[in-house]
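Below, all heavy atoms of this structure are taken into account, side chains as well, without hydrogens, waters or symmetry copies. Numbers for residues simply follow the sequence, beginning at 1.
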Amino acid sequence: MAPSESTQPPPPLSTTDAEPAVPTESEPLLGRPGDAIQKPDAPMFLNLVLGTAWLSQLGALLLLVTTWSAVFLHKLGVLISPHPLLQSLGTFLLIQAILILQPTSTPAAKRTGQRIHASLHLLSFLSFISGIAVIETNKHVNHNEHLHSLHGYLGVITGTLLFAQYVFGICIWLVPGILGGEEKAKALWKYHRYGGYLLLVLVLATIGAAADTDYSKGVLKIEGWTFGLGIALVVVGVFPRVQLRKLGIDRSR
């Protein structure tokens, strides 16, 4: 007689066949969830090199060292040399401000990161403003045209938008009441983040345009490829670490 058919239920599916976990706030633009997120017990300063951030650090240092060495290896001018020194320093600090806050995830880490982020941006802003004051004084004293290059136009646009971004961030963080309350202000953080990444691109574009100015080429003898490489390294270091959920993007849908 033929054996009877088994009535036992089929074995459960292996856990390896389960659907992938729904992405969380830790999912970066490139990579897997958690690849660029600060661990709860990790020190804050490691955020500056976490994941692909070390590439950004190489790029930021290349831009800074290239500019400072070019300035100090050539004849210094009181009303011109401080401009590239201060603007490159401001850019370096701005990149650190982004990198330190990007991977934070816990409320405590976010609060600490926000304070450091704001402090670095304040130093960056003071550096930018000082550099702008120097070059504007130079143009006024020497009766030079104020806007005559792509670098100049980008500098004005970027500087104006940076100031607006700073004010927007301070309002969300410190005085949410003027934006309708804390909950409504929190909903605006993603727009502040979008603005920050856009402004990073504009700052880097302004630096790239600076390499093509008469002063950079004729006096400082800066090779354009060094700025291009530095900018590329910053971009490939920062943007893969972007946390999608912090931008309101859910790839699980």
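- Inter-residue side-chain proximity for Lys246 and Trp189 is flagged as unmet; no heavy-atom pair is nearer than 4.5 Å.
- Classified by interplanar angle (parallel below 30°, tilted 30° to 60°, perpendicular above 60°), the ring pair Tyr197/Phe239 is tilted.
- Residues Phe227 and Leu62 have side chains not in contact (no heavy-atom distance under 4.5 Å, counting atoms from C-beta outward).
- Under the ring pair (Phe, Tyr, Trp, His ring centres under 6.0 Å) criterion, Trp54 pairs with no residue, sequence neighbours left out.
- The side chain to side chain donor-acceptor pair (under 3.5 Å) test applied to Thr52 returns no partner, not counting sequence neighbours.
- Under a 3.5 Å cut-off, the side chain of Thr158 and the backbone N or O of Gly155 do not form any donor-acceptor pair.
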Give the intermediate values and the outcome of side-chain contact (heavy atoms from CB on, under 4.5 Å) for residues Ile222 and Lys217.
-> CA-CA 6 Å; Ile222 290 177; Lys217 294 189 297 184; over 6 Å; no
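- For Tyr191, the OH atom sits in a loose shell: 12 or fewer heavy atoms of surrounding residues, nucleotides or ligands are nearer than 6.0 Å.
- For the residue pair Gln102/Gln38, the side-chain donor-acceptor check at 3.5 Å is not satisfied.
- Ring geometry for His117 versus His121: interplanar angle over 60°, hence perpendicular rather than tilted (30 to 60°).
- Using a 4.5 Å heavy-atom cutoff, the side chains of Ile116 and Met44 are in contact.
- Side-chain contact between Gln96 and Leu48 is present, with at least one heavy-atom pair separated by less than 4.5 Å.
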Please step through side-chain contact (heavy atoms from CB on, under 4.5 Å) for the pair Gln165 and Leu198, ending with a clear verdict.
-> CA-CA 11 Å; Gln165 173 77 345; Leu198 172 62; over 6 Å; no
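- Neither side chain, Ser149 nor Thr213, offers a donor N or O lying under 3.5 Å from an acceptor on the other.
- Within a 6.0 Å sphere centred on NE2 of His140, heavy atoms belonging to other residues, nucleotides or ligands number 12 at most.
- Leu76 is listed as a side-chain neighbour of Val71, based on a closest heavy-atom distance under 4.5 Å.
- Inter-residue side-chain proximity for Trp68 and Pro84 is flagged as unmet; no heavy-atom pair is nearer than 4.5 Å.
- Side-chain contact between Ile172 and His192: present, with at least one pair of heavy atoms (C-beta onward) separated by less than 4.5 Å.
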